[in-house]
Amino acid sequence: MGHPEDLLTILNQPATTAAPLLLGACIRHESPDGAVVVRLSEVEAYLGPRDSADPDPAAHSYGGKTNRNAVMFGPPGHLYVYFTYGMHYCANLVCRPEGLASGVLLRGGEVVEGADLARRRRPAARKASELAQGPARLAVALGLGREHNGVSVLQGEVTVRLPERARPQLVRNGPRVGVSGPGGSADYPWRFWLDGDPTVSRYKSGVVHGKRTTPENGSL
DNA sequence: GGCGGGATATTCT
DNA sequence: GAATATCCCGCCC
């Protein structure tokens, strides 16, 4: 349990299968400033263009390999870290063998170690549950940035430990956050979270990017 | 607790 | 040039 081989077994599967299995897993980043560990409560799956009969229009890899998304087209078990909205980084775990370009976006979790360091990195957080609540916040709390794009999580400064027991909490799923167009519809309910977990992101209901969203939302 | 607006850079038409 | 797998702050209930 918790062996890198088990992790690879999970990450070789389609992102939609791997994503819920990663809930409860712990991401650890050991930096010169110290270690921070986040226990995942929320993730999203994105499938590569050749990883399903029905391509995922919301995936960064949808249009093929580019300089930005090249890491997703590589082998599983690596971080795909991208920069967005001119100020935020978000981290994914690359799934599936080389060429298939699937990924699991790390959307939120609970800081279970290194809370002091995480608080220093995220002074805007008012409660502990906000330290890694949301993909860009999670990246900041863990100290992940551009330099971690392509880094392996099988060994090194960033590692993943799978849950030791069967998940005691109910996994729910629904439409992905911030995705407009067909990829955001109920046909792609590929956001997964631990029901009732306070670190699951709450996002604006009603309007996102000027368009209506589904009423289905975060923790209740 | 919930809304609205603004910020900011990389990416690919 | 437009869109973006977002967050923060200020204001209002």
Side-chain angles (χ1 to χ4, degrees), chain A residues 14-16 18-20 22 27 40-49 51-52 55-73 79-95 101-109 118-119 121-127 129-150 173-193 198-220:
Chain A
T16 45
L22 291 168
I27 313 291
L40 292 177
S41 64
E42 181 186 4
V43 294
E44 278 176 0
Y46 290 86
L47 294 183
D51 202 15
S52 85
D56 178 1
H60 282 178
S61 53
Y62 180 65
K65 188 175 180 178
T66 64
N67 196 45
R68 178 211 211 183
N69 64 25
V71 170
M72 277 218 290
F73 285 81
L79 289 176
Y80 165 51
V81 182
Y82 68 91
F83 187 66
T84 191
Y85 286 101
M87 58 185 91
H88 298 304
Y89 291 97
C90 299
N92 297 249
L93 287 175
V94 174
C95 295
S102 284
V104 173
L105 172 66
L106 310 180
R107 280 202 58 89
R119 249 184 278 267
R121 287 170 171 162
R122 287 214 4 92
R126 310 165 81 196
K127 308 184 292 187
S129 61
E130 290 174 351
L131 285 172
Q133 182 181 59
R137 293 165 164 185
L138 181 149
V140 171
L142 275 175
L144 297 178
R146 172 188 310 276
E147 67 270 30
H148 301 282
N149 188 36
N173 69 292
R176 294 173 292 189
V177 176
V179 176
S180 56
S185 76
D187 294 334
Y188 299 84
W190 296 342
R191 172 183 177 235
F192 301 89
W193 67 91
T199 63
V200 171
S201 63
R202 299 191 180 210
Y203 58 96
K204 290 175 190 168
S205 57
V207 177
V208 170
H209 291 297
K211 288 163 190 162
R212 284 179 44 239
T213 64
T214 59
E216 169 124 39
N217 215 322
S219 42
L220 300 178

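Just so we're clear, the structure is a prediction, and the values are computed from it rather than from any experiment. Only this structure's heavy atoms are used, side chains among them; waters, hydrogens and symmetry mates stay out. Order of the sequence lines fixes the chain letters, A, B, ..., with proteins taken first and strands second; residue numbering starts at 1 for each chain.
- Stem analysis of DNA chain C (Watson-Crick or G-U pairs, both distances under 3.5 Å, runs of at least three) returns B:1-7 with C:6-12, B:9-12 with C:1-4.
- Counting heavy atoms from C-beta outward, A:Pro182 and A:Asp187 have side chains that stay 4.5 Å or more apart.
- With rounding to whole Å, A:Asn67 atom CG is found 7 Å from B:dT11 atom P.
- Each of C:dC8, B:dA7, C:dC7 was ranked by its minimum atom distance to the side chain of A:Ala136; first place goes to C:dC7.
- Using a 4.5 Å heavy-atom threshold, the side chains of A:Thr199 and A:Arg137 count as separate.
- Within the 4.5 Å cutoff, side-chain heavy atoms of A:Trp190 are placed close to those of A:Asp56.
- Atom OH of A:Tyr89 is separated from atom P of B:dT11 by 11 Å (rounded to the nearest Å).
- A:Tyr80 and A:His60 share a donor-acceptor pair across their side chains, judged by distance under 3.5 Å alone.
- Rounded to an integer number of Å, the gap from A:Asn69 CG to B:dT10 C1' is 13 Å.
- Taking a centre distance below 5.5 Å and an interplanar angle below 30 degrees as the stacking criterion, A:Phe83 does not stack against the six-membered base ring of B:dT10.
- Between the CG atom of A:Leu138 and the CG atom of A:Leu40 there is a distance of 6.5 Å, given to the nearest 0.5 Å.
- Comparing atom distances between the A:Arg146 side chain and each of B:dT10, C:dC7, C:dA5 picks out B:dT10 as nearest.
- Under the stacking definition used here (centres under 5.5 Å, planes under 30°), the residue A:Tyr46 qualifies as stacked on the base of C:dA5.
- Note on A:Arg137: a side-chain N or O is less than 4.0 Å away from OP1 or OP2 of C:dC8.
- On a pure distance criterion of 3.5 Å, no polar donor-acceptor pair joins the side chain of A:Tyr85 and the base of B:dA9.
- Contact annotation for A:Ala58: base contact, defined as any heavy-atom pair under 4.0 Å involving a base atom.
- Atom CG of A:Leu47 and atom P of C:dA5 are 16 Å apart (whole Å).
- In this structure, CG of A:Leu131 is placed 13 Å from P of C:dC7, rounded to the nearest angstrom.
- Checked by atom type and distance alone, the side chain of A:Arg107 never pairs as donor or acceptor with a backbone atom of A:Arg176 at under 3.5 Å.
- The closest side-chain heavy-atom distance from A:Trp193 to A:Ser201 is not below 4.5 Å.
- At whole-Å resolution of the value, CZ in A:Arg126 and P in C:dC7 are 16 Å apart.
- The phosphate of B:dA9 has neither OP1 nor OP2 within less than 4.0 Å of any side-chain N or O from A:Thr84.
- Rounded to the nearest 0.5 angstrom, A:Phe192 CZ and A:Glu42 CD are separated by 11.5 Å.
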Find every protein N or O atom lying less than 3.5 Å from an N or O atom of nucleotides 10-13 of chain C, and list the pairs.
none

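- Between A:Arg107 and C:dT6 there is a side-chain N or O to OP1 or OP2 distance below 4.0 Å.
- Looking at heavy atoms from C-beta onward, A:Leu93 lies in side-chain contact with A:Leu106 at the 4.5 angstrom threshold.
- Put simply, CG on A:Asn92 is 14 Å from C1' on C:dT6, counting in whole angstrom units.
- Distances were taken from every side-chain heavy atom of A:His88 (C-beta onward) to each of C:dC7, C:dA5, C:dT4; the shortest belongs to C:dC7.
- Within the structure, a side-chain polar atom (N or O) of A:His60 is placed less than 4.0 Å from OP1 or OP2 of C:dA5.
- Side-chain N/O atoms of A:Arg122 include none lying less than 4.0 angstrom from OP1 or OP2 on C:dC7.
- Nucleotide B:dA7 holds its C1' atom 4 Å from the CE atom of A:Met87, rounded to whole Å.
- The shortest distance between the side-chain N/O atoms of A:Ser180 and the OP1/OP2 oxygens of C:dT4 is below 4.0 Å.
- Put simply, the side chain of A:Asn92 does not reach to within 4.5 Å of the side chain of A:Val81, judged on heavy atoms.
- At least one side-chain heavy atom of A:Leu105 sits under 4.5 Å from a side-chain heavy atom of A:Tyr46.
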